[in-house]
Amino acid sequence: MKREDRSRIREITRLQEFSKQVKAKLTQVVEEFPSIDRLNPFYLELTGILVGVDKLKQSLGAVHNCIPPIDEITDKHIMALKLSTDFRQMKKTRSAAKGRISSILRATAPNLDFIIEAKKVLSKLPGIAPNIPSIVCAGFPNVGKSTLVKMVSTAEPEIAYYPFTTRKLIIGHLKVGNQNVQIVDTPGILDRPMSERNDIELQAVAALKYLANVIIFMIDPSEACGWTFDQQLNLLTEVQRMFPLNPLFIALNKIDITPDSQLEIARARLPNAYEIIAVNRIGVDQLLQDAIKEVDLKPMQESIDDYLKTLSGE
Ligand SMILES: Nc1nc2c(ncn2[C@@H]2O[C@H](COP(=O)(O)OP(=O)(O)O)[C@@H](O)[C@H]2O)c(=O)[nH]1
Ligand SMILES: [Mg+2]
């Protein structure tokens, strides 16, 4: 074989290999990203807050659009290599092609960085299955939310992280009839006045509307929790305003230690409230059964478990 022919084969192979690897990397970044259009609304909302849906779509599109020009450059230079008869020229042609492909990569590097970073951020979203009916607990600290969740959960409740590093969701699992249900305790999220929150936090709280099939708002009329009955009513009003479409059940807890006079006041103000003793599970099962009747059991269009698996690279 002539020297030119050997060079030609070598340079073409190198260029093809380089182009192939670059395209594989770009395709991988785009295709590994879960489809934004099929996201469950709860996660879509959080994705919007955390990274921005438009920016994310733009970056994914930009990276995807790099592939045709790379193909074009590759094809054009391979054609040139095929026609070339000078082995020094061949080497130059190959490195010219490499240079042009590299500059496409450099130009889209910010998009790649953004997508990789977004994936990292989104993989920390709370691992909740929105396709399982969810009861979300609200109410001031110490009213008995964790006690309720622990009491009814068949297994040790799991912890998931909300988009604020210090916020956790605690998820208990139970069966009501033969329906799997999750009950979500939200320390730091639905247990203080909305006025104490910044916009981003409010948005993240609002995302819960897609998750909460039912909200149980707990009130401690004994005030042993450290909050007055009126303060608790104010928070109730805020939560009702924030989630006007989610069915909400009110539970008066700790009626074992609530003086009669205070219980009478609470009953008068909240005639539809359930009365429970979470520590003894009294009244709790009736509350859950009635709450779960409110849940629309239509299956969600998309299982979020798969989405989270994609993100964590399992
Ligand atoms: N007497 C009484 N105490 C309760 C009841 N439910 C919860 N507690 C107590 O109230 C305190 C706060 O409960 P916790 O579940 O941690 O409240 P959370 O902050 O809303 O999660 C704990 O000491 C519980 O044992 C109840 O029905 N009766
Ligand atoms: Mg708690």
Side-chain angles (χ1 to χ4, degrees), residues 126-128 134-174 176 181-197 201 204-205 208 211-212 214-240 242-243 246 248-267 269-270 272-291:
I128 288 188
S134 303
I135 300 172
V136 170
C137 296
F140 270 112
N142 293 319
V143 297
K145 300 181 299 296
S146 303
T147 305
L148 178 75
V149 170
K150 246 182 252 143
M151 185 59 71
V152 300
S153 186
T154 44
E156 193 58 29
E158 294 167 41
I159 293 178
Y161 290 87
Y162 213 57
F164 309 100
T165 45
T166 57
R167 307 281 182 253
K168 290 171 190 170
L169 299 177
I170 297 155
I171 306 152
H173 298 275
L174 64 144
V176 178
V181 176
Q182 52 194 359
I183 181 161
V184 183
D185 184 11
T186 59
I189 298 172
L190 285 178
D191 64 357
R192 63 204 172 93
M194 300 301 158
S195 58
E196 291 172 10
R197 301 156 194 278
E201 234 181 329
V205 172
L208 285 174
L211 182 74
V214 183
I215 295 173
I216 290 182
F217 191 92
M218 277 181 104
I219 286 182
D220 171 3
S222 78
E223 301 182 345
C225 63
W227 310 90
T228 67
F229 181 62
D230 283 341
Q231 283 175 317
Q232 298 182 68
L233 283 184
N234 287 339
L235 183 60
L236 169 62
T237 308
E238 288 193 331
V239 170
Q240 278 169 325
M242 196 139 186
F243 301 96
N246 303 64
L248 184 144
F249 285 69
I250 301 166
L252 299 174
N253 188 31
K254 308 194 193 177
I255 55 165
D256 55 325
I257 56 164
T258 307
D260 284 343
S261 57
Q262 272 164 265
L263 194 54
E264 285 311 321
I265 295 171
R267 281 175 179 154
R269 295 292 296 274
L270 304 167
N272 295 324
Y274 286 72
E275 293 175 18
I276 65 171
I277 305 172
V279 273
N280 296 333
R281 203 168 175 152
I282 290 172
V284 166
D285 293 289
Q286 189 62 51
L287 168 66
L288 290 181
Q289 268 166 35
D290 290 355

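Note that the numbering runs from 1 along the sequence shown for the chain. In each ligand, atom 1 is the first atom listed, and ligand 1 is the first ligand listed. These figures come from a predicted structure and were not determined experimentally.
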Measure the distance from [atom] to every protein heavy atom, then report the residue, atom name and distance (to 0.1 Å) of the closest one.
atom	value
atom 10 (O) of ligand 1	K254 NZ, 3.2 Å
atom 19 (O) of ligand 1	N142 N, 2.6 Å
atom 26 (C) of ligand 1	V279 CG2, 3.2 Å

- E223 and T228: side chain donor to acceptor below 3.5 Å: no
- Query: Looking only at side chains, do Q286 and D290 share a donor and an acceptor under 3.5 Å apart?
  - Reply: yes
- Residue I257 vicinity, atoms of ligand 1 by number, heavy atom under 4.0 Å: 1 (N)
- Query: Going by the atom numbers of ligand 1, which of them fall below 4.0 Å from some non-hydrogen atom of P141?
  - Reply: 19 (O)
- Candidates I170, V214, L174 - the one meeting side-chain contact (heavy atoms from CB on, under 4.5 Å) with I183: L174
Is a side-chain N or O of [X] found less than 3.5 angstrom from the main chain of [Y], in a donor-acceptor match?
X	Y	value
N246	A212	yes
Q232	P221	no
D185	K145	no
R197	R192	yes
W227	P141	yes

- Message: Going by a strict under-4.0 Å cutoff (protein heavy atoms only), does atom 23 (O) of ligand 1 have a neighbour on the protein?
- Response: no
- Just to confirm, does any protein heavy atom lie below 4.0 Å from atom 5 (C) of ligand 1? yes
- Message: At under 4.0 Å between heavy atoms, is it the side chain or the backbone of N253 that contacts ligand 1, or both, or neither?
- Response: side chain
- Message: Which option wins on minimum heavy-atom distance to atom 28 (N) of ligand 1: D220, D256, I170?
- Response: D256
- Note on the structure: Min over V143, T147, N280 of heavy-atom distance to atom 14 (P) of ligand 1 lands on T147
N/O separation below 3.5 Å, [X] to ligand 1:
X	value
A278	yes
G144	yes
S146	yes

- Query: Does the shortest distance from the Mg ion (ligand 2) to an N/O/S atom of T147 fall below 2.8 Å?
  - Reply: no
- Message: Does atom CZ (R269) have a neighbourhood of more than 12 heavy atoms from anything else shown, all under 6.0 Å?
- Response: no
